[in-house]
Amino acid sequence: QVQVVESGGGLVPAGGSLRLSCAASGRTFTHYTMGWFRQRPGGERQFVAAINWAGSTTDYEDSVKGRFTISRDNDKNTVWLQMNSLKPEDTAVYYCALSTLHSRLSRFYNYWGQGTQVTVSS
């Protein structure tokens with residue numbers, strides 16, 4: 001089994017930055033694509049960013065491209081989401097998840113963290 005735990009959320013003013021981290025455990029960790037999703041109140045869980053197991057491929061939702069950066073360190077079983085130039089519309093619960101294949105679709109992700117709240121004020 002794989003355990004996933006996110007951290008790093010908080011309250012930040014518009015234009016500020018946050019760095020989310022996701023710690024995962026499991027012997028197959030390095031062969032999982034890791035992704036970040038977010039969910040606004042009353043909204044659907046939406047794709048934010050993903051990185052393949054080797055770290056050679058990254059994907060970003062259009063609204064965060066150029067502002068967010070996803071990275072991973074397999075030796076530390078950790079993936080990060082560096083979020084810069086934050087906007088109020090980025091406010092959501094952010095979830096880290098693992099998939100056996102590289103995808104933007106949440107249904108392909110097998111393991112999920114409990115989420116971390118990001119609130120951007122204006």
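Predicted, not measured: the structure shown is a model, and the values here were computed from it. Hydrogens, waters and symmetry mates are skipped; everything else that's a heavy atom, side chains included, is used.
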Q: Any side-chain heavy atom of D59 sitting closer than 4.5 Å to one from R104?
A: yes
Q: Do Q82 and S17 come within less than 4.5 Å of each other through their side chains, counting heavy atoms only?
A: yes
Q: Given S21 and S7, is the side chain to side chain donor-acceptor pair (under 3.5 Å) satisfied, shown in steps?
A: CA-CA 5 Å; S21 64; S7 63; 2.7 Å; yes
Q: Quick check for you: to the nearest 0.5 Å, what is the distance between Y94 atom OH and L18 atom CG?
A: 9.0 Å
Q: Which atom pair, heavy atoms only, marks the closest approach of A14 to P88?
A: CB-CD, 4.1 Å
Q: Check the pair W36 / E6 against side chain to side chain contact (heavy atoms under 4.5 Å, CB included), numbers first and verdict last.
A: CA-CA 10 Å; W36 288 95; E6 308 99 330; 3.9 Å; yes
Q: Evaluate the side-chain proximity of I51 to T57: yes if any heavy-atom separation is below 4.5 Å, no if none is.
A: no
Q: Do L20 and W112 belong to the same hydrophobic cluster, where Ile, Leu, Val, Met, Phe, Trp and Tyr are linked whenever their side-chain heavy atoms lie under 4.5 Å apart, directly or via other members?
A: no
Q: Distance check, rounded to the nearest 0.5 Å: F68 atom CZ versus T58 atom OG1?
A: 14.0 Å
Q: We want to know whether T33 and N52 form a side-chain donor-acceptor pair, criterion being a heavy-atom distance below 3.5 angstrom.
A: no
Q: Kindly confirm or rule out a cation-pi arrangement of R72 over W53, judged by NZ or CZ under 6.0 Å from the six-membered ring centre and within 45° of its axis?
A: no
Q: Which heavy atom of S103 sits nearest a heavy atom of L105, and at what distance?
A: OG-N, 2.9 Å
Q: Please step through side chain to side chain contact (heavy atoms under 4.5 Å, CB included) for the pair Y111 and S99, ending with a clear verdict.
A: CA-CA 7 Å; Y111 303 98; S99 174; over 6 Å; no
Q: Is the distance from the ring center of F47 to that of F37 below 6.0 Å?
A: yes
Q: Quick one: CD on Q46 to CD on E61, what's the gap to the nearest 0.5 Å?
A: 7.0 Å
Q: Would you say the side chain of R67 lies within less than 4.5 Å of the side chain of Y60, judging by non-hydrogen atoms?
A: no
Q: Mind listing the closest non-hydrogen atom pair of G113 and Y95 along with its distance?
A: O-CD2, 3.6 Å
Q: Would a 4.5 Å heavy-atom cut-off, applied to side chains only, mark W80 and I70 as touching?
A: no
Q: To the nearest 0.5 Å, tell me how far M34 CE sits from C22 SG.
A: 4.0 Å
Q: What are the two closest heavy atoms between Y109 and A50, and how far apart are they?
A: OH-CB, 3.6 Å
Q: Nearest 0.5 Å please: distance from the CG atom of L81 over to the CZ atom of R38.
A: 9.0 Å
Q: Restricting to non-hydrogen atoms, name the atom on A24 and the atom on V2 that form the minimum distance, rounded to 0.1 Å.
A: CB-CG1, 4.3 Å
Q: Using side-chain heavy atoms (C-beta onward) and a distance below 4.5 Å, is V4 in contact with L98?
A: yes
Q: Please report the closest heavy-atom contact between C96 and V79, naming both atoms and the distance.
A: SG-CG1, 3.7 Å
Q: Any chance you could measure R40, atom CZ, to R45, atom CZ, to the nearest 0.5 Å?
A: 13.5 Å
Q: Heavy-atom distance under 4.5 Å between the side chains of V5 and Q114, does that happen here?
A: no
Q: Just to verify, which of V118, L11, T119, L86 counts as forming a side chain to side chain contact (heavy atoms under 4.5 Å, CB included) with T91?
A: T119
